[in-house]
Amino acid sequence: MKMNFPNPDDILNFTLTIEPDEGMYKGGAFHFNFSVNQNFPHDPPKVKCTQKIYHPNIDLEGNVCLNILREDWKPVLNLNAVIVGMQFLFLEPNASDPLNKEAAEDLRTNREGFKRNVRNAMAGGSIKGVQFDRVMR
């Protein structure tokens with residue numbers, strides 16, 4: 001993982017790049033914008049994927065479904081907890097709490113087909129008429 005601060009004077013807005021070294025998403029580079037508001041740690045950070053990727057927990061607009069970014073957020077959590085949770089989404093996509101329902105259904109009913117779709121999408125291919133961003137390193 002790599003963090004980047006586009007504006008060094010603004011540490012509340014940064015990008016995180018996750019490059020999984022195992023699992024179905026191995027070989028990809030996934031970029032997320034983090035925005036931490038002034039009410040942190042009482043409010044969770046806002047996290048958005050900047051690419052269109054095929055993942056059950058990330059919709060086509062880049063919204064991320066991670067329980068600690070929503071109902072399970074507690075002020076005792078920190079950014080590290082969010083980053084570890086994000087890493088885990090790429091190791092173990094969660095089909096039971098989806099934002100991308102088609103990808104989740106694919107994962108639930110046809111794991112091998114899901115893996116093929118992930119590889120195709122990561123290479124910049126299309127699935128069911130949706131064009132995905134190339135994210136291969």
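Note that the structure is a prediction, hence the values are computed from the model and not measured. Numbers here simply count residues along the sequence, with the first being 1. Note: hydrogens, waters and symmetry copies are ignored here, and every other heavy atom, side chains too, is used.
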Quiz item: Heavy atoms, side chains only, cut-off 4.5 Å: are Leu12 and Gln38 in contact?
Solution: yes

Closest non-hydrogen atoms of Asp106 and Phe114, given as atom of the first, atom of the second and distance, are OD2-CA, 3.5 Å

dist Ile83:CD1 -> Phe34:CZ (nearest 0.5 Å) comes out at 5.0 Å

CD1 of Ile53 to CZ of Phe90, rounded to nearest 0.5 Å, is 4.0 Å

ask   = Hey, are the side chains of Asn100 and Glu102 touching, using non-hydrogen atoms and a 4.5 Å cut-off?
value = yes

### Message
For residues Tyr54 and Phe88: do they belong to one hydrophobic cluster (side chain heavy atoms under 4.5 Å, members Ile, Leu, Val, Met, Phe, Trp, Tyr)?
### Response
no

If we ignore angles and hydrogens, is there a donor and acceptor under 3.5 Å between the side chains of Thr17 and His31? yes

Separation between CG (Leu16) and CD1 (Ile18), nearest 0.5 Å, reads 4.5 Å

Closest non-hydrogen contact found for His42 with Pro75 is ND1-CG, 3.8 Å

Rounded to the nearest 0.5 Å, the CG atom of Leu89 sits from the SG atom of Cys49 at a distance of 11.0 Å

*asked:* For residues Val47 and Val84: do they belong to one hydrophobic cluster (side chain heavy atoms under 4.5 Å, members Ile, Leu, Val, Met, Phe, Trp, Tyr)?
replied: no

In this structure, NZ of Lys52 is separated from CG of Asp59 (nearest 0.5 Å) by 10.5 Å

With Phe132 as partner, the option from Val118, Asn120, Leu60, Asn117 fulfilling side-chain contact (heavy atoms from CB on, under 4.5 Å) is Leu60

Closest non-hydrogen contact found for Tyr25 with Pro93 is CE1-CG, 3.9 Å

- Query: Under a 4.5 Å cut-off applied to non-hydrogen side-chain atoms, are Met122 and Lys26 in contact?
  - Reply: no

For the backbone of Val135 and the side chain of Asp133, can you confirm whether one donor and one acceptor N or O come within less than 3.5 Å of each other?
no

| Side chains of Thr15 and Phe5: closer than 4.5 Å at any heavy-atom pair? | no

| said: Assess, by modelled atom type and distance only, whether the side chains of Lys48 and Asn63 contain a donor and an acceptor separated by less than 3.5 Å. | reply: yes

Checklist entry - Do side-chain atoms of Arg119 reach the backbone of Met24 as a donor and acceptor pair under 3.5 angstrom? => result yes

**Item:** Non-hydrogen side-chain atoms of Glu112 and Arg116 separated by less than 4.5 Å
**Value:** yes

**Study point:** Backbone of Arg134 reached by a side-chain donor or acceptor of Gln51 within 3.5 Å
**Key:** no

Centroid-to-centroid, Phe30 to His55, below 6.0 Å?
no

task = Determine, for Glu19 against Lys2, whether the closest basic-nitrogen to carboxylate-oxygen distance falls under 4.0 angstrom.
result = yes

- Query: Do the side chains of Trp73 and Val82 get nearer than 4.5 Å, heavy atoms only?
  - Reply: yes

Scanning both residues in full, the closest heavy-atom pair of Ala81 with Asn78 reads N-OD1, 2.9 Å

Got Phe32 and Met86 here, is their nearest side-chain heavy-atom distance under 4.5 Å? yes

**Prompt:** Would a hydrophobic clustering, with Ile, Leu, Val, Met, Phe, Trp and Tyr connected at side-chain separations under 4.5 Å, put Leu91 with Met136?
**Reply:** no

Residues Ala104 and Pro98: closest non-hydrogen pair is CB-CB, 3.4 Å

When every non-hydrogen atom of Ser126 is compared with those of Gln131, the smallest separation belongs to CB-OE1, 3.7 Å

Can you find a pair of side-chain heavy atoms, one from Pro45 and one from Leu79, that are under 4.5 Å apart?
-> yes

Here the gap from Leu77 atom CG to Asp72 atom CG, rounded to the nearest 0.5 Å, amounts to 8.5 Å

Got a salt bridge between Asp97 and Arg70, using NZ or NE/NH1/NH2 to carboxylate O under 4.0 Å?
yes

